[in-house]
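Not measured: the values here are computed from a predicted model. Proteins come first, then strands; the chains are lettered A, B, ... in the order of their sequence lines, and each starts at number 1.
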Amino acid sequence: MTVDLEEFRYLRDLVHSRSAIVLTDDKLYLAEARLTPIARSMGFASVEAVIREARSPRGHKLQDQLVDAMTTNETSWFRDTRPFEALRRSVLPRLVERNRSTQSLAIWSAACSTGQELYSVALILTHEFPALEGWNLQLLGTDLNAGVVDKASRGTYTSLEINRGLPAALVARYFKREGSHFAIDQSIRERVSFRQMNLASSWLGLPMFDLILLRNVLIYFDATTKAQILTSAKHQLKPGGYLALGGAETPIGVVDGYTPLLTDGATFYQVEGQP
Amino acid sequence: MKALVVDDSRTMRSILARILGDLGIDVEQAVDGKAALERLIAGDLPDIALVDWHMPNMTGIELLNEIRHRPELSRVRVLMVTSESEPDQIGIALDAGANEYLIKPFTPDAIAGKLEMIGLGEGSTATTTW
C-alpha cells in the first residue's frame, strides 16, 4: 500500500494541528507502516482511501485514529540503561536526601508511551529505597496518544515487551501472570498514575516536579514548540530539580537557563542559579 | 566471544546461532543438557551458554546446577532461553545461578539486550545487580 504525496501532506497537517508533531516528507514510509494495518482492519482498499475518508465531513473519529497511529510510541524498560543507572546511583539518592524533611517526591514521565519508563523509575524506588514507604510519591505519566495511556494504566505487558530491557530478577519479584500477559505488582501500580496530555498545549494544573523525564520526544516538534516545551519544563521543576532528555537531545542553543550535569555517564539538566 | 546454544529444537538452535553469528559471536550447539555438559567438561569454555529449560536426558536447570557446582565450569555465564514463563519459575532459575532469562518467543534485539545486561554486550562494562 502506498501513500500519495498529497494525501500524506493532508495527514502531516492533521498530525501537526493536533499534536504539533512534524512529519517530514521522509516519514512517508511511517505513514504506510502505521496506517496499512488500520486500512486493512477497516476494510479500505488502500491507505489513501482511509485518508480520503478522514478528510470527508464524516471523518472526525477516523482523524483521531490516524493521529493516534502516527504519534510514536516505541519504548522499553530502563531504556538506554545509563540514565537509569545515574538515577539509581546518584540522582534519586540526592533527591531523597534533599526531600527528607517534606517526605515527598514528584516525578513526571512526559512522553510515557506504554508506561515502561515510569514503571522503571517506580521499580527502582520500590526496590532500592524501601525507606520511602509512607512518603507522598507523585509519579505521573502523560502521553499524547490515548491508546498508550490506557495500556500504561493497565500495567500489563506481553512476553515480547517483558523481554525488552527488564532484568529477570525484577520480573520474578514484581510481576505475575494474568493469562498470556504479565501484570506488574499492585503495590507498584498504585504508586503511579497516567493521563492523556498534549505537551504543546497548556500545562496548567500540573504539580511542580523533582524530576522530569522528557526523553526522545522533542525530536518530533518544530523549533518553536521545542523551545516552548523546554521553557515550560524550566518553570515546572522544583528548585534543584532535574530534567532528563534523550541522548541526542539538548536544551543548549534552544533555550537559555539550563546547565548540564554529567553523572554516572548520563547528562541531566538543572535550572541555572538554583542549588 | 564464544557461545554454546543448548536446545533440543533444531529450529531454535539455528535461529539463536544466526542471531549470535550476526553479533559476531562464535557459536557451538548441543542437543540437550547432557551433550552440553560433556562439551563443557572437554574444555575450551564458552563465555556464555544459552540454555533451554525442558530437554530430554538432562534439563536446563539440571545443567545449570552442574555448571554452578563445578568450580572448573562456574565462570560460564548462563542465559536461560525458554518458553517457561511463570515468574516463580524465573525466580527458580535465578536462584540456581542463571545470569539472565529470556522468554520465547523473542526478537533479535532482546538477545542483544540480555547480553548487555550480563556484561557481554558491545561496549558494556559493569553489570547491575538487582
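- Each of A:Gly165, A:Ala169, A:Ala168 has some count of heavy-atom pairs under 4.5 Å with chain B, and the biggest count is that of A:Ala168.
- For chain A, the option among B:Ile92, B:Ile90, B:Ile103, B:Asp88 with the highest count of heavy-atom pairs below 4.5 Å is B:Ile103.
- Heavy-atom distances place no part of B:Asn99 under 4.5 Å from chain A, backbone and side chain included.
- Taking a 6.0 Å sphere around NZ of B:Lys104, one finds it holds more than 12 heavy atoms contributed by other residues, nucleotides or ligands.
- Atom CD of A:Glu133 has 12 or fewer heavy atoms from other residues, nucleotides or ligands within 6.0 Å.
- For the set B:Pro105, B:Ser85, B:Ala98, the count of heavy-atom pairs under 4.5 angstrom toward chain A peaks at B:Ser85.
- Distance check: B:Glu100 CD to A:Asn163 CG gives 9.5 Å after rounding to the nearest 0.5 Å.
- With a 4.5 Å cut-off on non-hydrogen atoms, A:Phe182 touches chain B through its side chain but not through its backbone.
- A 6.0 Å sphere centred on CZ of A:Arg189 holds more than 12 heavy atoms belonging to other residues, nucleotides or ligands.
- For B:Leu102, the parts lying near chain A are the backbone and the side chain together; criterion is any non-hydrogen pair under 4.5 Å.
- Ranked by non-hydrogen atom pairs under 4.5 Å with chain B, the options A:Leu170, A:Ile124, A:Val171, A:Leu166 are led by A:Leu170.
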